[in-house]
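Reading through the structure tokens given below for one structure.
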Amino acid sequence: MNNTNVTVTISRAVRDVSEVVGVCEVVGNATSGNNTLTSVVFEPAFCGLYGLAPSLAPALILLLVCFLLLAVFGNGCLVGVILTTGHMKEPGNYFLVAMAITDTALALAYNPIAISSLAHGSYPAGPWCRIQAFFIIFLSVLSLHSLLCVWLCRYVHIAYPLSYRKVLTRRRMVHAMCLCVLVAAAPAALGVSPIHAFTLGAVEEVLQSFEQPQTLITPCLAGPEGTILSVSVNLAAMLAIVCLVTLICYETRRSQTKHDQKLTWNAQAEDRESKMQAVYTLLIVVLVNWITWLPAFVVTILLKFGAVSLAAASPWIDVATIILQSATFSDSLVYAFRYHIYRRALKKMYREIRNIFTDA
């Protein structure tokens with residue numbers, strides 16, 4: 001007997017029971033020959049914050065709508081200011097543009113579906129869920145690796161102040177961006193692949209597939225292989241960022257003591273201040289990202305080691321997911337406070353609109 005068919009059969013039976021008694025988690029057994037398959041089936045509509053208190057749906061929808069508007073507006077302002085301001089058109093900031101666009105796309109891939117699920121009390125399934133699972137992994141990995149490229153460019157600016165334009169050529173920038181896309185696409189494609197390795201055992205637990213989410217607020221899950229690979233490449237990127245931060249601190253201290261470097265930095269005194277401000281801003285961005293990822297990381301560890309069941313943890317999974325989604329606009333908030341990009345963008349928009357009416 002195919003284990004997928006067994007799970008589907010149990011899932012249908014559990015759905016009927018769930019609709020009657022409102023349970024979130026049910027365990028069912030199916031026997032095939034000498035093997036017994038234990039399947040833990042979850043009904044997303046009865047899990048999480050919505051299952052705990054359906055009356056919270058309007059407040060959750062309002063919160064997700066605000067998050068979506070902040071992501072689109074904030075990242076749009078950041079992109080607009082970088083592309084229209086002369087001194088910000090440096091190589092590293094183009095990766096910042098890519099990160100802002102990726103964060104906006106990530107919000108568009110998650111928020112509308114979560115809002116629709118909360119409004120209707122149902123969740124997407126099948127191909128639509130698989131598409132969302134692909135883009136959630138692809139865009140999250142691409143965003144983090146774009147941030148890694150921003151740090152790499154910042155290191156080149158600090159370590160090689162007179163030759164960074166020769167190092168950061170347009171061709172190398174394009175190659176780096178293509179590499180980021182490939183690194184992000186690999187775990188996403190693997191995660192939605194229909195081929196997954198499940199071995200039937202005497203007491204084996206088969207969790208929900210990626211063709212439906214864990215709750216109405218959480219995005220659709222990819223397969224375990226893609227999830228593990230995406231977490232691995234993201235951890236590698238974060239370690240690389242930590243190494244670059246260390247190298248930047250080392251190069252900054254060395255430039256203040258080594259004669260040749262000191263002369264170079266003194267010759268670029270004005271530029272030095274802006275470079276260090278950019279470094280401090282990136283540090284704040286990384287710290288904010290760590291804060292937004294920490295709740296999801298803690299919940300994942302607790303689930304991994306069996307400290308709490310998925311049914312019991314589902315409300316906290318929703319809370320961690322909402323906090324994690326704030327990362328789609330937190331970067332632009334940091335730049336708004338550090339560089340006043342919102343005010344600058346609104347001033348540009350006002351001038352453009354005023355010029356249109358004046359010319360008319």
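Bear in mind that the values here come from a model prediction, so they are computed numbers and not experimental data.
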Margin query: Determine whether a donor-acceptor pair (N or O, by modelled atom type, separation under 3.5 Å) exists between the side chain of Gln325 and the backbone of Ala107.
Written below: no
Next item on the list: Of all the heavy-atom pairs spanning Tyr50 and Ala45, show the shortest one and how long it is.
Entry: CD2-O, 3.3 Å
Check: Can you tell me how far the CG atom of Leu78 sits from the OG atom of Ser332, to the nearest 0.5 Å?
Finding: 7.0 Å
Check: Does any N or O in the side chain of Ser232 come within less than 3.5 Å of the main-chain N or O of Ile228, such that one atom is a donor and the other an acceptor?
Finding: yes
Checklist line | Check: Leu152 and Leu148 side chains under 4.5 Å, non-hydrogen atoms | finding: no
Check: So how far is it from Leu96 CG to Asp331 CG, rounded to the nearest 0.5 Å?
Finding: 8.0 Å
Notebook entry, point to check: Under a 4.5 Å cut-off applied to non-hydrogen side-chain atoms, are Ile241 and Met238 in contact?
Noted result: yes
Notebook entry, point to check: Would Ile291 and Leu235 show up in the same hydrophobic cluster when neighbours are defined by side-chain heavy atoms closer than 4.5 Å?
Noted result: no
Checklist line | Flag side-chain contact, heavy atom, 4.5 Å: Thr102 against Met99 | finding: no
Checklist line | Note, Leu68 side chain near Val65 side chain (heavy atom, < 4.5 Å) | finding: no
Check: Do Trp151 and Val279 have side chains that get closer than 4.5 Å, going by heavy atoms?
Finding: yes
Notebook entry, point to check: Are any non-hydrogen side-chain atoms of Tyr94 and Leu83 less than 4.5 angstrom apart?
Noted result: yes
Item checked: Distance-minimising heavy-atom pair for Ser326 and Thr292 -> OG-CG2, 3.4 Å
Checklist line | Verdict with supporting geometry, Ile217 and Tyr123, side-chain contact (heavy atoms from CB on, under 4.5 Å) | finding: CA-CA 9 Å; Ile217 295 180; Tyr123 50 87; over 6 Å; no
Check: What distance do Leu216 atom CG and Ile115 atom CD1 have between them, rounded to the nearest 0.5 Å?
Finding: 13.0 Å
Next item on the list: Check for a donor-acceptor pair, side chain of Thr246 on one end and backbone N or O of Val242 on the other, with a separation under 3.5 Å.
Entry: yes
Next item on the list: Would you indicate whether Phe135, at its atom CZ, is surrounded by more than 12 heavy atoms from other residues, nucleotides or ligands within a distance under 6.0 Å?
Entry: no
Next item on the list: Specify the closest pair of heavy atoms between Leu49 and Leu56, including all atoms of both residues, with the distance to one decimal.
Entry: O-CD1, 4.3 Å
Next item on the list: Among Val97, Leu282, Leu244, Val285, find the one that has a side chain to side chain contact (heavy atoms under 4.5 Å, CB included) with Val150.
Entry: Leu282
Check: Any donor and acceptor pair, going by atom type alone, linking the side chain of Glu251 with main-chain N or O of Ala159 inside 3.5 Å?
Finding: no
Next item on the list: Might you point out which heavy atoms bring Ile341 and Gly74 nearest each other, and give the distance in Å?
Entry: CD1-O, 4.2 Å
Notebook entry, point to check: Can Leu239 be reached from Leu287 by stepping across I, L, V, M, F, W or Y side chains whose heavy atoms are under 4.5 Å apart?
Noted result: no
Margin query: Membership question, hydrophobic clusters at under 4.5 Å side-chain separation (ILVMFWY): are Tyr280 and Leu247 in the same one?
Written below: yes
Check: Just how far is it from atom CD1 of Ile323 to atom CG of Leu294, taken to the nearest 0.5 Å?
Finding: 9.0 Å
Checklist line | From CA spacing to verdict: disulfide bond (SG atoms under 2.5 Å apart), Cys180, Cys149 | finding: CA-CA 9 Å; Cys180 290; Cys149 289; 3.5 Å; no
Margin query: For Tyr110 versus Ile136, what's the shortest heavy-atom pair and its separation?
Written below: CB-CD1, 4.0 Å
Note to self: Is the shortest side-chain heavy-atom distance between Leu147 and Asn289 below 4.5 Å?
What the structure shows: yes
Checklist line | Derivation of the side-chain contact (heavy atoms from CB on, under 4.5 Å) call for Leu168 and His157 | finding: CA-CA 9 Å; Leu168 300 177; His157 279 214; 3.9 Å; yes
Notebook entry, point to check: Is Phe297 reachable from Trp290 through a run of I, L, V, M, F, W or Y residues, each pair having side-chain heavy atoms under 4.5 Å apart?
Noted result: no
Margin query: I'd like to know whether CZ of Arg351 has more than 12 heavy-atom contacts from other residues, nucleotides or ligands below 6.0 angstrom.
Written below: yes
Note to self: Please say yes or no: joined through hydrophobic side-chain contacts below 4.5 Å, possibly via intermediate residues, are Leu106 and Leu108 part of one cluster?
What the structure shows: no
Margin query: For the CG atom of Asn75 and the OG1 atom of Thr104, what is their distance to the nearest 0.5 Å?
Written below: 3.5 Å
Margin query: Checking Leu118 against Leu64 for the side-chain contact (heavy atoms from CB on, under 4.5 Å) test, could you report, in this order, the C-alpha distance in whole Å, the side-chain angles of both residues, the deciding distance, and whether it holds?
Written below: CA-CA 10 Å; Leu118 289 170; Leu64 293 176; 3.8 Å; yes
Next item on the list: Would you indicate whether the side-chain heavy atoms of Ser140 and Ser230 approach each other to under 4.5 Å?
Entry: no
Check: Hey, what do you get for CD (Gln214) to CD1 (Ile317), rounding to the nearest 0.5 Å?
Finding: 4.5 Å
Note to self: Please list all pairs meeting ring pair (Phe, Tyr, Trp, His ring centres under 6.0 Å) that have one or both residues in residues 322-344, counting only residues at least two apart or in different chains.
What the structure shows: Phe67-Phe329, Phe73-Tyr342, Tyr335-Tyr339
Notebook entry, point to check: Under the side-chain contact (heavy atoms from CB on, under 4.5 Å) criterion, do Leu144 and Trp293 qualify, and how do the steps go?
Noted result: CA-CA 12 Å; Leu144 185 56; Trp293 296 339; 3.4 Å; yes
Next item on the list: Would you name the heavy atoms of Arg154 and Asn93 that are closest together and state the gap between them?
Entry: NH2-OD1, 4.2 Å
